[in-house]
Structure formats: structure tokens, C-alpha cells
K.L.:
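So that we are looking at the same thing, I have put the structure below in C-alpha cells.
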Amino acid sequence: MLTITFLGTGTSQGVPMIGCDCAVCTSDDPRDKRTRAAIHVATPGCEWIIDTGPEFRLQCLREKIAHLDAVVYTHSHTDHIMGFDDLRVFCHHGRDLPIYASKQTLTDLQQVFSFAFNGQNLFPGYVRPKPHVIDGSFFLGETELTPLPVQHGRAEVNGYLFSQRGEKIAAYLSDCKSVAEPVLERLRGVRVLIVDALRYREHPTHMSVAEALEFSNRVQPRETWFTHICHELRHAAAESQLPQNVRIAYDGLKLEL
Ligand SMILES: [Zn+2]
Ligand SMILES: [Zn+2]
Ligand SMILES: [Zn+2]
């Protein structure tokens with residue numbers, strides 16, 4: 001059992017975008033209001049988040065997240081890490097908070113948030129990260145997380161596959177332009193695919209709707225959810241043009257899997 005809550009489904013600038021009065025940025029549909037991409041995953045006995053963007057605090061308040069057992073990062077772009085300092089509340093009573101990321105992402109986090117990692121600020125109420133370098137699959141509670149290295153422009157970033165008792169339940173690839181064949185092989189048989197679909201037009205570091213659809217056709221999951229959306233996709237109109245088992249995620253959406 002696994003519940004995914006979409007904390008944020010927006011691209012790096014969020015939707016609405018500052019200073020923009022386009023039809024999507026001024027839409028009344030709450031699904032067209034997108035904070036920066038992140039998910040919360042709850043399983044019996046263990047819960048974690050993937051990424052802490054700039055709205056992390058607001059996302060936690062909205063979804064009433066009061067406890068975290070771990071934090072997992074996809075990569076160190078600012079739209080995925082800038083809420084890091086708000087992790088302090090999840091380190092009650094001097095508790096260390098396990099942080100899982102690739103070697104490169106951890107190095108970047110240690111540089112940007114050196115005050116948290118340098119061991120000199122172990123004061124009550126400060127964030128206490130316990131870094132874990134991901135070098136293969138690992139378990140959080142009874143869920144196995146398999147890192148899925150994908151190309152995101154020039155950067156290689158991690159998506160994640162969540163499996164329980166050998167069953168591939170869901171995969172989260174929030175930022176990707178292309179996926180190599182061996183990674184695609186690992187995804188085969190996954191029930192739910194969550195994938196980057198920035199907009200209709202092509203982009204150098206993100207999949208377009210057409211590219212994400214093609215990728216979904218290759219993976220053949222039972223259902224696909226698009227995320228990391230920009231202000232060029234109006235939720236209702238864009239979703240109505242998709243096949244029935246392909247949907248567009250929105251902030252606050254919960255998938256009970
Ligand atoms: Zn991003
Ligand atoms: Zn706009
Ligand atoms: Zn990125």
C-alpha cells in the first residue's frame with residue numbers, strides 16, 4: 001500500500017508565473033495553480049518526500065504533513081531544493097533526518113546549505129540532515145526505491161521506482177528529456193507512471209506532451225500522470241485531448257495505490 005500526494009506539479013517558475021496575465025495564469029480552475037514539483041509518499045510505518053522546493057513549507061501546511069522519516073532528492077536545481085531549511089521541524093528533539101540523493105546532488109546540497117552539513121550548528125531547532133549517497137536500490141520501510149538515472153538536458157538526474165514485495169507500483173520522473181533503454185526496461189510492468197510533460201512545444205531539458213505520450217506508450221503502464229507543467233497547458237483543455245489512461249496531475253491530488 002502506498003499513497004502519493006502531489007505537493008507540487010509546476011515547472012521551475014510555478015503557475016501562475018510572476019507578471020503573466022495569460023489565460024492559464026489567470027484561470028479560476030484551482031488545478032491551474034501549480035507550486036514547484038514534489039511528492040509526498042505514505043506507506044504503513046514510513047513516509048517520505050521527494051524534493052523540497054521553494055513552497056515546501058506551504059505544501060506541508062496544505063497537506064497537514066507533520067512527520068517525515070526521510071527526504072529523497074531528484075537533483076539540485078533550485079526549484080527542487082530551496083525549501084530545505086524548513087526541514088528543521090522534522091528534526092524534533094535533536095533527531096537526525098535521513099537525506100537520500102546522488103553523490104553529485106549531495107555535494108551540491110552540502111555546498112548550498114553548508115551551515116546544515118558542517119556539523120558546527122547542532123543547536124536545538126536547526127535542521128540535522130544525515131546524508132545517504134544513493135548507489136543502488138534502497139528501502140524506506142517495506143518499499144524498495146530504485147534510482148532511475150535519466151537525462152535532463154546536460155544533467156543526469158534521478159527518477160525513482162517504488163516497489164513493494166517485488167511489485168512495481170509507481171515511478172516518478174519529474175525532470176527528464178530522455179530515458180535510456182536500460183532504464184525503460186526497469187520500468188516495464190509499472191502500474192503508475194508519473195512523468196515530466198512541460199508543454200506542447202519542445203524544450204531542451206524537459207519532455208513535451210508528445211514526447212511524454214510516446215514515452216508512456218513505450219512503458220505501457222496502467223495509468224500515466226503528467227507533472228512539472230508550465231503555464232502553456234490549461235488543465236481541463238489539455239487533459240481532454242489525452243488518451244483515457246493518461247491524466248494531468250494537480251497540486252493536492254492523491255493516488256491511493
Ligand atoms: Zn524541475
Ligand atoms: Zn502565464
Ligand atoms: Zn531540473
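Counting starts at 1 for both ligands and their atoms, in listed order. The first residue of the sequence shown is numbered 1, and numbering continues consecutively from there.
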K.L.:
Could you tell me the angle subtended at the Zn ion (ligand 2) by SG of C22 and SG of C25, rounded to 10°?
P.N.:
110°
K.L.:
Could you tell me whether E239 and R247 make a salt bridge, using a distance below 4.0 angstrom between a side-chain N and a carboxylate O?
P.N.:
yes
K.L.:
Parallel under 30°, tilted from 30 to 60°, perpendicular over 60°: which one fits the rings of H206 and H203?
P.N.:
tilted
K.L.:
Angle class for the F138/Y100 ring planes (parallel below 30°, perpendicular above 60°, tilted otherwise)?
P.N.:
parallel
K.L.:
Can you confirm whether or not the ring centre of F84 sits under 6.0 Å from the ring centre of F117?
P.N.:
yes
K.L.:
Return the orientation label for the W225 and F6 ring planes: parallel under 30°, perpendicular over 60°, tilted otherwise.
P.N.:
tilted
K.L.:
Determine which of the N, O or S atoms in H231 is closest to the Zn ion (ligand 2) and give its atom name.
P.N.:
ND1
K.L.:
Please determine, by modelled atom types, if T5 and E63 share a side-chain donor-acceptor pair under 3.5 angstrom.
P.N.:
no
K.L.:
For Y160, run the side chain to side chain contact (heavy atoms under 4.5 Å, CB included) check against L173, V72, L148 and tell me which one passes.
P.N.:
V72
K.L.:
Count, excluding waters, the protein N, O or S atoms that are closer to the Zn ion (ligand 1) than 2.8 Å.
P.N.:
4
